[in-house]
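See below for the structure under consideration.
Keep in mind the model is a prediction, meaning the values are calculated, not measured. Reminder, nothing fancy here: chain letters follow the sequence lines and each chain counts from 1.
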Amino acid sequence: MSDEKPKDNFIRDIINADLAAGKNGGRVHTRFPPEPNGYLHIGHVKSLNINFGLAADYQGLCNLRFDDTNPEKEEIEYVGSIKEDIRWLGYDWQDREYYASDYYEQLYAFAEILIGKGAAFVCDLSADEVTATRGTLTKPGQPSPYRNRSIEENLDLFRRMKAGEFSDGSKSLRAKIDMTDPNLLLRDPVMYRLRRAHHYRRGDTWCLYPTYDWAHGQCDSIEGITHSICSLEFEVHRPLYDWFLDQLGIHHPQQIEFARLYLSHTLLSKRKLLALVKEKIVDGWDDPRMPTVSALRRRGYTPSSLRRFAGLVGVAKVNSIVDLAFLESCVREELNKTAPRAMAVLRPLKVVLTNYPEGRTEELDCVNNPEDPSAGIRRVPFSRVLYIERDDFLENPPKKYFRLSPGHEVRLRYAYFITCTGVVKDPGNGEIMEVHCTYDPATRGGDSPDKRSPKSTLHWVSAEHAAPVEVHLYETLFTKRDPSELEEGEDWKANLNPRSLEIVPGAMAEPSLAAARPGDRFQFERLGYFCVDAPCSRPGAPVFNRTVTLRDSWANIIKSGKENQ
RNA sequence: UGGGGUGUCGCCAAGUGGUAAGGCAGCGGGCUUUGGACCCGCCAUUCGGGGGUUCGAAUCCUCCCGCCCCAGCCA
């Protein structure tokens, strides 16, 4: 499945203008800069798609750079998962895998240059004191009493900071900009903090670490990035990044900010997703209910459907929440064309064909994919006792119900027409135990010589041949479209959906499904798309995750209360 | 509140002074051995609101309103 041709957007407009003006010698070089402090999620796919997409469309390059400036939150596990997810999505950074932590020496040298220019100083204020003197949105800040130390003293102190002479938090390096600037980020921001923390890549060689604000722009510059694309919240940081670059007089990438993606009925905050994992509210970063790439993969989403989604949602500067339905329509569209069909009954109801010979079995031809003739045909066993979906039988149906009910005829897909002649109930609770039907031998394969055609076709499975399988059904993780919409006093977990996972234990599938392998995708006819779960399945005992349901117009009729009109 | 952004259909989103694309959702119909898929049709006289400029404005000016971001030694 090829991706759509790119739509124009405001970022492309800027790049086109830059190219027309001959900037950067006609080069386009972007980068994807994750912090290895969590797994990638669907929001990152949008960023990936923009950065790698731009590079591809303009014959440019896109680097992968881990922005690892905070040793306390970063782990090697996350580096691995991020690389795996990017590769799986189909983006290629070739050999350009970089780490901010590899630039620590260079950044340190840059800092000394700033100190040498009198543009940075060592400050002895504590973190709390810095906060207290920063001022507020409306009131200017107070200059640090250490602001006017000599260049020599600053240099000496800074080198001793690096050498480990001072305790954590006792000193910081700050840019000397303007404590009265209405943009708080320009009020002498901290560039380095003392922190004796083990870094997952640099070990214990450093005790002072650059802040993201100090590191990011220079890292982009070092890599020769032309267009540094980031999300909206960094818009107010841009003047700071520009200031650093101008002070240093080095290559100046252009930062462009876009609105990050939000998806309805879920959360895309790494902090909160981590909390769901840590508190075991979900089974891990790849729990199929999560919005992470690894979860979506496990759930059955394809790389191309995610890329297509990312391309289709567009790029703008307005914060917005995209409907989950849109993501779902992207997978459905692809899986409809590619997923082999199969029959599985989630909640079996026994059907006995009273006029079908006992002990007889026939193999019926079933089309593997009506959208793809090359997918061919398979044979599925049929016999006297079958299972159909409990939902497909109603003793007293509403007017618009076309499925099986007493006296009515339906078609069993690729099999026969059957007519319901009676039901057997549990004498105790009145529950329907089995349905009795007669079949019409003249309709073998599902066609009738007299051209009559039932209004409904049901999927089925031969009881004797059925493979018991486990099926996992998912609903949204949160009940509200915007889970952050909270009532007074509620915390962010208030809108968690208690029914987000339903394990269906007694499902019965056509025999071939017992051999399904992890990652295999199917359309269970009339139900939806399912993918064999990798962690939960065992050979011969597949567990099927429902990726997404089929569109269901009957459900709409029920929802709108029109089933009797 | 000071500063920085931003408001076009239920949800995304084109549009850059010439008379409101497209997708998703929804609704009607056709077709159908998946109430699926597919096909056809409908779905903003109006662009946050008020003034103004203009032959002509979502696009320009102006005032007002809403929403988002910034007071981490997080990113």
Side-chain angles (χ1 to χ4, degrees), chain A residues 7-9 13 33-35 37 67-70 72-73 123 125-128 130-132 134-141 168-169 171-174 181-187 189-195 208-209 211-213 215-216 230-239 257 259 261 264 270-271 312-330 332-333 336-337 341 343 367 370-371 400-403 411-415 417 443 445-448 453-459 481 523-528 549-557 560:
Chain A
K7 295 197 294 185
D8 265 329
N9 58 50
D13 292 344
E35 185 194 12
N37 68 342
D67 266 343
D68 48 0
T69 54
N70 184 353
E72 290 173 332
K73 290 186 177 171
C123 183
L125 256 26
S126 69
D128 286 346
V130 169
T131 301
R134 182 155 25 230
T136 68
L137 295 179
T138 50
K139 286 202 291 278
D168 284 6
K171 282 183 167 47
S172 64
L173 183 73
R174 294 224 262 161
D181 199 290
N183 181 346
L184 307 211
L185 288 157
L186 263 22
R187 322 243 261 227
V190 170
M191 296 164 62
Y192 276 98
R193 10 53 147 157
L194 249 8
R195 189 139 312 167
L208 77 172
Y209 290 92
T211 60
Y212 174 85
D213 274 352
H216 189 76
C230 63
S231 46
L232 247 33
E233 65 268 31
F234 293 105
E235 203 150 24
V236 283
H237 296 239
R238 192 175 52 209
E257 307 86 6
L261 170 73
S264 73
K270 279 203 267 183
R271 201 199 104 233
L312 252 25
V313 291
V315 182
K317 297 194 69 159
V318 205
N319 277 123
S320 53
I321 302 177
V322 175
D323 269 349
L324 212 216
F326 190 57
L327 209 212
E328 294 182 331
S329 76
C330 290
R332 277 199 200 100
E333 182 182 287
N336 174 51
K337 295 179 191 131
R341 315 284 122 128
M343 291 193 285
V367 173
E371 306 293 319
K400 281 190 181 160
Y401 188 85
F402 307 146
R403 279 111 96 146
R411 169 168 37 229
L412 293 181
R413 178 137 239 223
Y414 303 125
F417 292 3
T443 58
D447 282 309
S448 134
S453 184
K455 283 181 108 168
S456 186
T457 299
L458 310 184
H459 60 280
R481 168 184 155 72
Q523 182 200 96
F524 288 173
E525 297 228 18
R526 303 208 304 134
L527 297 176
T549 62
L550 252 28
R551 271 189 74 228
D552 188 350
S553 55
W554 173 243
N556 284 348
I557 291 171
S560 58

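The residue A/R341 sits close to a base: some heavy atom pair falls under 4.0 Å. Nucleic acid contact class of A/R413 (heavy atoms, under 4.0 Å, all strands): base. When heavy atoms are screened at a 4.0 angstrom cut-off, A/H237 is found touching base atoms of the nucleic acid. Looking at heavy-atom distances under 4.0 Å, A/Q523 makes contact with a base. Among the atoms of the strands shown, none is found under 4.0 Å from any heavy atom of A/Y209.
If you measure from atom NZ of A/K139 to atom P of B/G3, you get 16 Å, rounded to the nearest angstrom. A straight line from CD of A/E257 to C1' of B/U6 spans 13 Å, rounded to a whole angstrom. In this structure, the CZ atom of A/R526 is 15 Å from the C1' atom of B/A37, given to the nearest Å. One interatomic measurement links the two molecules: CZ of A/R411 to P of B/G36, which rounds to 14 Å at whole-angstrom precision.
Comparing B/A14, B/A37, B/A71 against the side chain of A/N9 picks out B/A14 as the nearest.
Residue order along RNA chain B, read from the 5' end via each residue's closest nucleotide, puts A/V315 first among A/V315 and A/K270.
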Produce the list of close N/O pairs, under 3.5 Å, pairing protein atoms with atoms of nucleotides 21-27 of chain B; give distances to one decimal.
residue: B/G26; atom: OP1; partner: A/N556; partner atom: ND2; Å: 3.0

